[in-house]
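Report on one structure; see the data block that follows.
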Amino acid sequence: MFEDKSQELTPISKLGEFGLIKHLTQYFPLSNESSELGVGDDAAVINPDNKKVVLTTDVLAEGVHFNLGYVPLKHLGYKAVVVNLSDIAAMNAVPTQILVSLAVSNRFPVEALEEIYAGIQAACTRYKVDLIGGDTTSSNSGLVMSITAVGIEADENIVKRSGAKPNDLLVVTGDLGGAYMGLQVLEREHAVYLANPNMQPEMEGYDYILERQLKPEARTDVKKILEGLDIKPTSMIDISDGLASEILHLSDQSKVGFRLYEEKVPMDSLTISTADEMNLNPVMTALSGGEDYELLFTISPNDFDKIKNHPDFTIIGHAVEKEEGNFMVARGSNQLVALTAQGWDAFLGNQNG
C-alpha cells in the first residue's frame, strides 16, 4: 500500500479532518473561468455562463473495485478521476470541475493520502479540471473514494444515449479488451506472490495492457476530433462495463437493435496474444471485460465518408429496428450470436466472460 518503510509516517489524527483537507488540497489552483469559488468554504460555486451543467459521480471501494496489493495509490487517484471524466466525455461535454470524498481507516497515514492526491492532481493537470471540494471521514472497512465530476456544455452539443435511429452506424474509439487482460496479468502475478513472496512478478512485455488497467485515459479529445469532421453523434456512451453491455444500454435508451460484426472489433495484438496465453477468447475480453473507457457512439449513415478511414475510429456495426434484437455477426459467417450483458457488476463482485 505504502512502500517507504523507513519514513516516519503521520497519523491522520495529528491533522484532524479540516487540517487534512487543507493539507491535501493546498496545491490545487483554480484554472477554469467557470470555477468561481473552490475548496475552503461551505460549498463551491461554479458559473456556467448560460450553458448546461453535466454531473456524474462514481464510488470506488477497496476490495470491490481495486486491490491495493497491486494498485499503486497514485495510480488509484488518477484512475478515480479519469473514470468520471470519461462519463462527461460520453455526454460530448467538457469536464471542468471535480469533488473528491474519501473514507479511510486508521491504517492509512497522511503520506498515503498524499500519494492518492498526487494522482488526483496529475489527472486535474492533464485534463484541465479544478478540484473544488469534497469530504473526508473515517472508515471501518478500508478505503472508499467517491468522485463527482462536473462538465459544462452548450445545450445543442450534448449527446445522450437515446438518439440512435435504425441504419445509424455504430462506431468505437481506440481498441478494446486491454484493460481486462491487464487485470488478469496483475491478478495472476499477485496470486503467485501470495503463494511465494520470494517470487518476482513477471510483468515484462505486458506494459500496454497494464497501463490500460492501472492508468486509463478519458477520451476527452474525441469531442474536438468529431467537431473537426463536422460530425455530431446521435447517441453515445463510454465503455466501462464491456462492449456488449454498453451496446445494450444504447439499445434500451434509443429503442433500436444493433448488429455488431465480430471481425470489426478493434483489439491490440498484445491483448489478443495475452488472451490466447491464458486460454481466453480475445473477443470475449472486449465484449465483457470492461474498464476500457473508450467511447461507443452512433452516427448518421450520411457521415460514413467523413469517418471511414479515420485512425481514431472503427465502424463496428449498425442499428436496426428494435424488434430485430441485438446480435453479433460471427467472424467468417452469417451466424448471429445474441449479445448479453456479462460485464462488471459491483454487486456480484466479479467479471464474467
Side-chain angles (χ1 to χ4, degrees), residues 10-62 65-66 73-91 93-106 108-139 141-153 158 216 218 220 238 240 293:
T10 309
I12 293 174
S13 58
K14 184 175 180 178
L15 296 181
E17 180 183 357
F18 298 112
L20 178 65
I21 292 173
K22 185 176 181 179
H23 176 74
L24 293 174
T25 61
Q26 61 184 318
Y27 301 116
F28 285 82
L30 300 181
S31 58
N32 284 285
E33 289 184 8
S34 57
S35 300
E36 200 164 286
L37 183 63
V39 178
D41 219 304
D42 289 291
V45 177
I46 61 172
N47 184 348
D49 194 26
N50 297 319
K51 293 184 178 181
K52 297 289 186 181
V53 177
V54 181
L55 297 168
T56 186
T57 192
D58 201 52
V59 175
L60 298 176
E62 183 180 354
H65 300 98
F66 59 88
L73 292 173
K74 188 173 181 179
H75 284 76
L76 177 63
Y78 190 93
K79 183 175 181 176
V81 175
V82 164
V83 301
N84 283 274
L85 302 188
S86 181
D87 284 331
I88 300 294
M91 299 295 292
V94 176
T96 47
Q97 291 90 14
I98 61 167
L99 297 97
V100 177
S101 294
L102 294 180
V104 291
S105 66
N106 57 14
F108 289 88
V110 170
E111 287 76 11
L113 302 190
E114 288 175 349
E115 282 289 292
I116 294 173
Y117 270 74
I120 292 170
Q121 186 173 32
C124 286
T125 301
R126 162 76 172 79
Y127 292 98
K128 297 179 173 61
V129 300
D130 294 332
L131 174 66
I132 59 169
D135 192 22
T136 60
T137 189
S138 60
S139 165
S141 56
L143 173 65
V144 179
M145 300 181 65
S146 175
I147 292 187
T148 297
V150 180
I152 294 177
E153 192 53 61
I158 292 174
T220 55
D238 79 322
S240 56
Y293 301 108

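Every heavy atom of this structure was used, including side-chain atoms; hydrogens, water molecules and symmetry mates were not.
- Taking 4.5 Å as the limit, every side-chain heavy atom of S35 sits out of range of all side-chain heavy atoms of T96.
- I152 contributes atom CD1, which lies 11.0 Å from atom CG of N50 (distance to the nearest 0.5 angstrom).
- Residues I46 and I132 are in side-chain contact: their nearest non-hydrogen atoms beyond the backbone lie under 4.5 Å apart.
- The shortest side-chain heavy-atom distance between T56 and M91 does not fall under the 4.5 Å cut-off.
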- Item | From CA spacing to verdict: side chain to side chain contact (heavy atoms under 4.5 Å, CB included), I158, K52 | CA-CA 9 Å; I158 292 174; K52 297 289 186 181; 3.5 Å; yes

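- By the 4.5 Å heavy-atom criterion applied to side chains, L143 and V104 are counted as neighbours.
- By the neighbour-count criterion of 12 heavy atoms within 6.0 Å, atom CG of N106 is sparsely surrounded, having that number or fewer from other residues, nucleotides or ligands.
- For the side chain to side chain contact (heavy atoms under 4.5 Å, CB included) test with S146, the passing option among L99, D58, V59 is V59; the others fail.
- Shown are T148, I120, N84; of these, the side chain to side chain contact (heavy atoms under 4.5 Å, CB included) with I98 is made only by I120.
- For residues 73-85, every residue pair satisfying the salt bridge (charged side-chain N to carboxylate O under 4.0 Å, His left out) rule, not counting sequence neighbours, is listed here: K79-E291.
- Residues Q97 and N32 have side chains in contact (heavy-atom distance under 4.5 Å, counting atoms from C-beta outward).
- Under 3.5 Å, the side chains of S31 and D130 contain a donor-acceptor pair of N or O atoms.
- Two residues are said to be in side-chain contact when any heavy atoms from C-beta on lie closer than 4.5 Å; T10 and E111 meet this criterion.
- Taking NZ from K128 and CG from L85, the interatomic distance works out to 12.5 Å, rounded to the nearest 0.5 Å.
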- Decide side chain to side chain contact (heavy atoms under 4.5 Å, CB included) for M145 and I116; before the verdict, give the C-alpha distance in whole Å, the side-chain angles of both, and the deciding distance to 0.1 Å. CA-CA 10 Å; M145 300 181 65; I116 294 173; 3.8 Å; yes

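- Nearest heavy atom pair, residue A103 against residue S139, reads C-CB, 3.7 Å.
- Among T136, T137, D135, the single residue meeting the side chain to side chain contact (heavy atoms under 4.5 Å, CB included) criterion with S101 is D135.
- Shortest non-hydrogen contact noted between S240 and Y293 is CB-CE2, 3.6 Å.
- Between the T125 side chain and the Q121 main chain, a donor and an acceptor come within less than 3.5 Å of each other.
- With rounding to the nearest 0.5 Å, the separation of CD in E153 from NZ in K51 is 6.0 Å.
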- Task: Evaluate the criterion side chain to side chain contact (heavy atoms under 4.5 Å, CB included) for residue pair V94 and I88; output intermediate values, then yes/no.
- Result: CA-CA 7 Å; V94 176; I88 300 294; over 6 Å; no

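- Between Y117 and L131 there is a side-chain heavy-atom pair separated by less than 4.5 Å.
- Counting only heavy atoms from C-beta outward, the side chains of C124 and Y127 never approach each other to under 4.5 Å.
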